[in-house]
Protein chains: 2
Amino acid sequence: MVDVKGIANPLFLREEELRQAIEMLFFAYRDFTGEPDAMLADLGLGRAHHRVIYFVGRNPGITVSELLKILRITKQSLSRVLSHLVEEGYIVQRPGERDRRQRLLTLTQKGVELERRLTANQRERIATAFRNAGAEAVQGFNLVLHGIIDPEDRRRFDVPGTGGPLGAARLKAGAGKR
Amino acid sequence: MVDVKGIANPLFLREEELRQAIEMLFFAYRDFTGEPDAMLADLGLGRAHHRVIYFVGRNPGITVSELLKILRITKQSLSRVLSHLVEEGYIVQRPGERDRRQRLLTLTQKGVELERRLTANQRERIATAFRNAGAEAVQGFNLVLHGIIDPEDRRRFDVPGTGGPLGAARLKAGAGKR
DNA sequence: CCCTTTACGTCAACCATGTTGACTTACTTT
DNA sequence: AAAGTAAGTCAACATGGTTGACGTAAAGGG
């Protein structure tokens, strides 16, 4: 039991490395959401509203059930937030054409503007981190984060033409291995 | 205004790249916390308890105010969670030696065991992602995540001997640039 | 030695956002 | 026509954040 934490013990390094990752994920998420949360609070909205606005903006015409799958919350929980956003004029609903039971969701101009303001903050934070870390690091970041996500949702990041996840990032990483 | 999304437009690629990062961060965090949350629910605990247990385990003898700085919540909010954990025997408090106003927090054996179970899950998820992505990708992941964190908390990840953040990861990345 | 500051705790009220369960309406599918 | 599906609604409840006010004990500076 000598040298438990010494350099000769790979298990300690591994444990330490993994704990660092756990903590960085916590701090990064905390800070990543902090500023948008403050902006939202000024408008009487919360983080839940942000998530809805983000994913509706990203997937115009998305159905309620698709949105529920992404957010992994109940429809009752979504309902409170979504109906508020509709009442306040951030989002419009229209019936689906093929299936008229569906309510297709789209941002209004007001919604688009809010989404832009909120996302600009997050984008800027990430852009700075990307710039400082360099292109290779960004690929590594994408690859690891991709692997942390549940398999069923990884395919959201597949890029159609490339036949693999994450488009060019994956192609390049894969090339280096094979 | 032709070719707005075409390959000739670097702004579109950049925007898309940043949005992918935003979304991956959301999905990764969602899935990273999902399974521990379910374990905690069986014990009548929540994610807030997990965070406290984690950081007390990681920093034995931490003071309440240090913990508050990490979590960025109010003491009233922490109090509810922390006193519950003390009552249930996961954490013990003892007065500080130099400053007897302080309550130094430490996990009990019961607390250590719970912490291990919860963290094992997250560690496994990250370890798998690390293994599949490769060592270089892990360094990139660390470097980018580090850059996303607010500067005042980045130093938590500095490694004493190396004179820079993230120990070896940073040394290697820096060597390539200079 | 007093006085101020600090570390921590507590009570109370409120809010955002998640849950479960039961039920309805409208539409699609078989 | 019957069954299934998409969405909404009402109600009750839990967790974990917030602000504000106040209390206690210890530390530290004049």
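Because the structure is a prediction, the values reported are computed rather than measured. A note on names: the letters A, B, ... follow the listed sequences, proteins ahead of strands, and every chain is numbered from 1.
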Sugar-phosphate, base or nothing in reach of B:Gln93, heavy atoms under 4.0 Å: sugar-phosphate
Euclidean distance, atom CG of residue B:Leu68 to atom C1' of C:dG9 [Å, nearest integer]: 12 Å
Closest nucleotide among D:dG8, C:dA7, C:dG9 to the A:Arg103 side chain: D:dG8
Aromatic ring proximity, centroids under 6.0 angstrom, A:Phe26 and B:Phe55: yes
Nearest-angstrom distance from the residue atom CG of A:Leu82 to P of C:dG18: 13 Å
For atom CG of A:Leu104 and atom C1' of D:dA7, their distance in whole Å: 12 Å
Smallest separation among heavy atoms of B:Val81 and B:His49, with atom names: CG1-CD2, 3.4 Å
Heavy-atom side-chain contact between A:Leu105 and A:Val64 under 4.5 Å: yes
Geometric class of the B:Phe32/B:Tyr29 ring pair [parallel <30°, tilted 30-60°, perpendicular >60°]: tilted
Nearest-angstrom distance from the residue atom CG of A:Leu67 to P of D:dG8: 10 Å
A:Arg72 CZ - C:dT19 P separation (whole Å): 12 Å
Distance-only polar pair, side chains of A:Glu124 and A:Thr128, donor-acceptor under 3.5 Å: yes
Rounded distance (Å) that lies between atom C1' of C:dC8 and atom CD1 of B:Ile62: 15 Å
Contact under 4.0 Å: A:His49 side-chain N or O vs C:dA16 OP1/OP2: no
Nearest to side-chain heavy atoms of A:Gln102, which nucleotide of D:dA7, C:dG18, C:dC8: D:dA7
Per-nucleotide protein contact string for nucleotides 20-30 of chain C (B base, S sugar-phosphate only, - none; heavy atom under 4.0 Å): BBB---BBS--
Sugar-phosphate, base or nothing in reach of B:Arg47, heavy atoms under 4.0 Å: sugar-phosphate
